[in-house]
Amino acid sequence: MTSADPSLPIRTQVRDAVAAAWRRAVARGALPDTPDGPVPAVEIERPAKAEHGDLASNLALKLARPLRRAPLDIARIIADEIAADAADRTPGAPIAGVDVAAPGFLNLRLSDQVLEATIARVLADPDGWGRVPPVNPRAVNVEFVSANPTGPLTIGNARGAFIGDLLSRVLEAGGQTVTREYYFNDRGGQIPNLGASVVAIRRGEPIPDDGYHGDYVVSLAADLPEDVWSEATAAGAEANQIVGQWAGMRVRAGIEASLEQLGVHFDVWTTEASLHEAGWVDRAVERLRAGGHVYEQDGALWFRSTAFGDDKDRVIIRSNGEPTYFAADIGYVTEKFSRGFDHLIYIWGADHHGTVARVRNAAEAMGYDREAVQMLLYAWVRFVRDGAEISMSKRAGEFVTLDELLEEVGVDAARWFFASRAATTEIDFDIELAKKQSAENPVYYVQYAHARIASILRKATDASLAPADAVEGSLSAGPEAALARAIVRFPEVVEDAATSEETHGVTAYATELATQFHAFYRDARVVDEAEPERSRARLALVAAARTTLANALGLLGISAPESM
RNA sequence: GCGCCCGUAGCUCAGUGGAUAGAGCGUCAGGUUGCGGACCUGAAGGUCGUGGGUUCGAGUCCCGCCGGGCGCGCCA
């Protein structure tokens, strides 16, 4: 007797049912209790082959060693319990049938009831479809992009921007509260450096070799307001700083506009200067000092990072009295935690991996849980045009901007590209190839399926056929079977994405769902005025497919068009 | 030199210790009296970089080697 909660993902219902069967087998003495040691978790997976059922469990294989019995024997005993449950026709029981296969797999078939109940849920609450019960509700701060305001965002910033946004969406889908945050390094020497380049152009002098050389610097010089310029010239040595401040603000506005183009919205913008002004950096340094985690040497103040496993100690106050960038990082950690976050995530390029340990070490030294400070490092993207690598240098003015990339490739295709690849894999992005193949891009395949369904539903309205509220009796066989099974899997995909903090499972799933829809479309006529009841049932299934496609694309920030 | 990441089909990439390693693109051969052909069906294509080890079972875990990327500042 198994009572399943229909609001849980089907895989979870099945897992509970298999676990219950195992417990019953133990209770009636058919299986011995597990001896001391780790108890195998009940794992439910989707078999690669359709003849292995809808879902499968390797539980018997896992139990073989601790129970010291043959996996096939264990599988048969558990299968008998599951089969008895199914034979009772317990209302809502998710499993309709079970087979045992060598070397000890339990192959499970879903019941019509669970399929019907799930499709009915999709139709009753389309917006809620795919939301999973929160596993680990937390308030999370996700900091990403955080490029210096010394030039426009380039394609080099693209991956971090998309990964940060996609990760945020996936965390939200998993029930967490996410704040998207951007950190501007507006202190240091790069702002005056940018100012120096603008000043040089304005004076008709050559730009310094280590200055910034892009066309955008020329534009900045041309747009420099007269009052800023006269203030700068009057200030003498401070001219670079004053012009740099203005240029930085100007560049920042452009960065914010580019990010809006990407569909990436930040909740909080923080500047390094504001952290210093509000005293966060000083207080953090004092906190480390009070804890005995710093020492002076060569006139500088060092954080004893080696005490937490780093390979060297790190300077936080230079011998000239200036705090380092790392000191601001430490202050920022305390400032973020003061806002009530349980968890801080940093999205960094792989070139920053050397700084991971020191920031987490400093957090631990200040009394925070280092596990609450997490860095997600993404691998570098090799941008290629016609097979030749595009080398980029913001200072030398050699780069392709993010805006140009979007103009060439399109935001949906670009989002799909990054969503379908794990963050840690090094990838090639051939811009010409992306353009050439844009018509063949899988994202359009998925969007086309959505548009096709929208067209069918319009057709149905014209024929005065409305989708049924539920689909009954036709899901175990025929063209409906594969499509229904693809639809109901969506919450599991969301759950896996939230758990793994990766999105490529979602793109793979969306592609497969689109494939199942296209196959259904081939085999089943949906709008047929001669068969109104069957039409209404098929319209309901197709509407559920459309909702699922739209929600999967929505999870990735990709549009679901009514027509293309 | 040390540390981290990566190596899977022609190309771009999935693969959470399980069954005959998958998808898209590309290539080849087919498909439309019908709701959108941006679609569908099929085929070819793999020593999972390499050599050991652990395991009932390894693309997956451990060790060595080869190849590629990145890092090793009182820069940011």
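Everything numeric in this text was worked out from a predicted model, so none of it was measured. Basis for what follows: all heavy atoms, side chains included, without hydrogens, waters or symmetry-related copies. Below, chain A is the first sequence line, B the second, and so on; all start at residue 1.
Within 6.0 Å of atom CE in A/M564, more than 12 heavy atoms from other residues, nucleotides or ligands are found, so the atom counts as buried in its surroundings. The neighbour count for A/D462 CG, taken as heavy atoms of other residues, nucleotides or ligands under 6.0 Å away, is above 12.
As rounded to the nearest Å, B/C56 and B/G68 have C1' atoms that lie 37 Å from one another. For B/G59 and B/A21, the C1' atoms lie 7 Å apart once the distance is rounded to whole Å. A gap of 41 Å separates the C1' atoms of B/C70 and B/C28, to the nearest Å. Straight-line distance between the P atoms of B/G17 and B/G53: roughly 23 Å, to the nearest whole Å. Using atom P as the reference point in both B/U33 and B/G46, the two lie 36 Å apart (nearest Å). Between B/U50 and B/G57, the two C1' atoms lie 22 Å apart (nearest whole Å). To the nearest whole angstrom, the two C1' atoms, one in B/U27 and one in B/G51, are 35 Å apart. The gap from the P atom of B/G10 to that of B/G45 amounts to 10 Å, rounded to the nearest Å.
Each of B/G36, B/U12, B/A19 was ranked by its minimum atom distance to the side chain of A/F105; first place goes to B/A19. The side chain of A/Y444 lies closest to B/A38, out of B/G18, B/A38, B/U12.
As a whole-Å value, the separation of A/L377 CG from B/C5 C1' is 9 Å. Straight-line distance from the CD1 atom of A/I456 to the C1' atom of B/G34: 12 Å, rounded to whole Å. As rounded to whole Å, 14 Å separates atom C1' of B/A19 from atom CG of A/L108. Atom-to-atom, CZ of A/F517 to P of B/A38 comes out at 14 Å; the value is rounded to the nearest Å. Whole-Å rounding puts the A/R538 CZ to B/G34 C1' distance at 13 Å. Computed from coordinates, the A/N441 CG to B/G24 P distance equals 13 Å when rounded to whole Å. Rounded to whole Å, the distance from CZ on A/R159 to P on B/G69 is 17 Å. Put simply, CD on A/E45 is 7 Å from P on B/G18, counting in whole angstrom units.
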Mind running side-chain hydrogen bond (donor to acceptor under 3.5 Å, both in side chains) on A/T270 and A/E181 for me, showing each step along the way? CA-CA 7 Å; A/T270 300; A/E181 184 141 341; 3.1 Å; yes
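Among the atoms of the strands shown, base atoms are found under 4.0 Å from some heavy atom of A/S455. A/A423 comes within 4.0 angstrom of no nucleic acid atom, judged by non-hydrogen atoms across all strands. Using a 4.0 Å heavy-atom distance criterion, A/E529 is classed as making no nucleic acid contact. Residue A/S563 is classed as a base contact, given a heavy-atom separation below 4.0 Å to a base.
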Could I get a table of every N or O pair under 3.5 Å where one atom is in the protein and the other is in nucleotides 71-76 of chain B?
from, atom 1, to, atom 2, distance (Å)
B/C72, O3', A/K312, NZ, 3.3
B/C72, O2', A/K312, NZ, 3.0
B/C74, O2, A/S319, N, 2.9
B/C74, O2, A/S319, OG, 3.0
B/C74, N3, A/S319, OG, 3.1
B/C74, N4, A/D298, O, 2.8
B/C75, OP2, A/R318, NH1, 3.2
B/A76, OP1, A/R318, NH1, 3.4
B/A76, OP1, A/R318, NH2, 3.1
B/A76, OP2, A/R318, NH1, 3.2
B/A76, O2', A/N148, ND2, 2.9

Contact list (N/O, under 3.5 angstrom) for nucleotides 15-17 of chain B vs protein:
from, atom 1, to, atom 2, distance (Å)
B/G15, OP1, A/H504, NE2, 2.7

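A/L301 has its side chain out of reach of A/Y295: every pair of non-hydrogen atoms, C-beta onward, lies at least 4.5 Å apart. Looking at heavy atoms from C-beta onward, A/L549 lies in side-chain contact with A/L513 at the 4.5 angstrom threshold.
The aromatic rings of A/Y325 and A/Y183 lie tilted to each other, with the angle between the two planes from 30° to 60°. By the 30° and 60° cut-offs, the orientation of the rings of A/F184 relative to A/Y182 is tilted. Note on ring orientation: taking the six-membered ring where Trp is involved, the planes of A/F308 and A/H293 are tilted (angle from 30° to 60°).
Residue A/S420 places no side-chain N or O under 4.0 Å from the OP1 or OP2 atom of B/A14.
For B/A43, the paired base is B/U27 (Watson-Crick or G-U wobble, both distances below 3.5 Å). For B/G64, the paired base is B/U50 (Watson-Crick or G-U wobble, both distances below 3.5 Å). The partner of B/U32, taking Watson-Crick or G-U wobble pairs whose two distances both stay under 3.5 Å, does not exist in any strand shown. When both pairing distances are held under 3.5 Å, B/G71 makes a Watson-Crick or G-U pair with B/C2.
The existence of a salt bridge linking A/E45 and A/R11 is excluded, since no basic side-chain nitrogen approaches an acidic carboxylate oxygen closer than 4.0 Å.
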Base-contact (B) and sugar-phosphate-only (S) positions in nucleotides 39-44 of chain B, heavy-atom cut-off under 4.0 Å, - elsewhere: SSS---
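Cation-pi geometry between A/R452 and A/Y521 is met: under 6.0 angstrom from the ring centre, within 45 degrees of the axis. Note that A/R421 lies in the cation-pi zone of A/F417, set by a 6.0 Å cut-off to the ring centre and a 45° limit from the axis. In this structure, A/K49 is not positioned above the aromatic face of A/F105 in the sense of NZ or CZ being under 6.0 Å from the six-membered ring centre and within 45° of the axis.
When A/N148, A/T271, A/D186 are each tested for a side chain to side chain contact (heavy atoms under 4.5 Å, CB included) with A/R252, only one passes: A/T271.
Taking for each of A/D528 and A/A379 the nucleotide of RNA chain B with the nearest heavy atom, the 5'-most of the two is the partner of A/A379.
For A/N107 against B/A19, a side-chain N or O and a base N or O form a donor-acceptor pair under 3.5 Å.
Of all non-hydrogen atoms in A/S57 and A/V18, the two that sit nearest each other are OG-CG1, 4.4 Å.
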